[in-house]
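In what follows, residues are counted from 1 in the order of the sequence shown.
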Amino acid sequence: MQQVKLFKGVDSDLPELERQINRWIRKSGVRVLSISGNLSSSPGASAGPMSTFSAGDVLVIVQVETETPLG
């Protein structure tokens, strides 16, 4: 059965999000089919080279194959 698992974090803490996803994959025993993600910048964030960036939201979608439905 194919299912998805969503993970949300902020771009200023990507290493922790990465650890969380990898830990979940190991513990759940699922077979990963694909992983994709999206970064959303703050509405007032500037893109100029001298600007100060605010943390943006990161959404990671993990598509998996599993024998039993995810809880």
Side-chain angles (χ1 to χ4, degrees):
M1 163 186 315
Q2 290 187 12
Q3 294 197 300
V4 297
K5 173 77 172 166
L6 304 178
F7 294 89
K8 182 179 177 246
V10 291
D11 66 348
S12 61
D13 198 14
L14 289 179
E16 177 54 33
L17 182 59
E18 205 174 278
R19 281 189 291 275
Q20 178 186 358
I21 293 168
N22 287 328
R23 188 172 35 244
W24 177 81
I25 291 170
R26 283 191 307 275
K27 284 186 172 187
S28 67
V30 297
R31 185 170 74 92
V32 175
L33 301 174
S34 71
I35 298 176
S36 58
N38 189 27
L39 174 63
S40 171
S41 62
S42 300
S46 172
M50 300 300 286
S51 65
T52 302
F53 293 98
S54 298
D57 290 332
V58 177
L59 176 67
V60 176
I61 303 163
V62 181
Q63 183 182 10
V64 299
E65 182 77 28
T66 179
E67 296 292 322
T68 58
L70 299 174

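Linking Ile, Leu, Val, Met, Phe, Trp and Tyr residues whenever their side-chain heavy atoms come within less than 4.5 Å places Leu59 and Val4 in a single cluster. Under the 4.5 Å side-chain heavy-atom criterion for grouping Ile, Leu, Val, Met, Phe, Trp and Tyr, Ile35 is connected to Val30 within one hydrophobic cluster. Linking ILVMFWY side-chain heavy atoms closer than 4.5 Å, directly or via other members, places Ile21 and Ile61 in two distinct hydrophobic clusters. The cluster map of Ile, Leu, Val, Met, Phe, Trp and Tyr, joined by side-chain heavy atoms under 4.5 Å apart, puts Val60 and Ile25 in the same cluster.
Rounding to the nearest 0.5 angstrom, the gap separating the CD atom in Gln3 from the CG atom in Leu33 is 11.0 Å. The CG atom of Leu17 sits 10.5 Å away from atom OG of Ser12, with the distance rounded to the nearest 0.5 Å.
Using a distance-only test at 3.5 Å, with no hydrogens or angles considered, a donor-acceptor pair links the side chain of Asp11 to the main chain of Gly56. The backbone N or O of Val64 sits nowhere less than 3.5 Å from a side-chain atom of Gln2 that would complete a donor-acceptor pair.
For Glu16 and Arg23, the salt-bridge test passes: some basic side-chain N is under 4.0 Å from an acidic carboxylate O.
Using a 4.5 Å heavy-atom threshold, the side chains of Val58 and Phe7 count as separate.
Other residues, nucleotides and ligands contribute only 12 or fewer heavy atoms inside 6.0 Å of the CD atom of Glu18.
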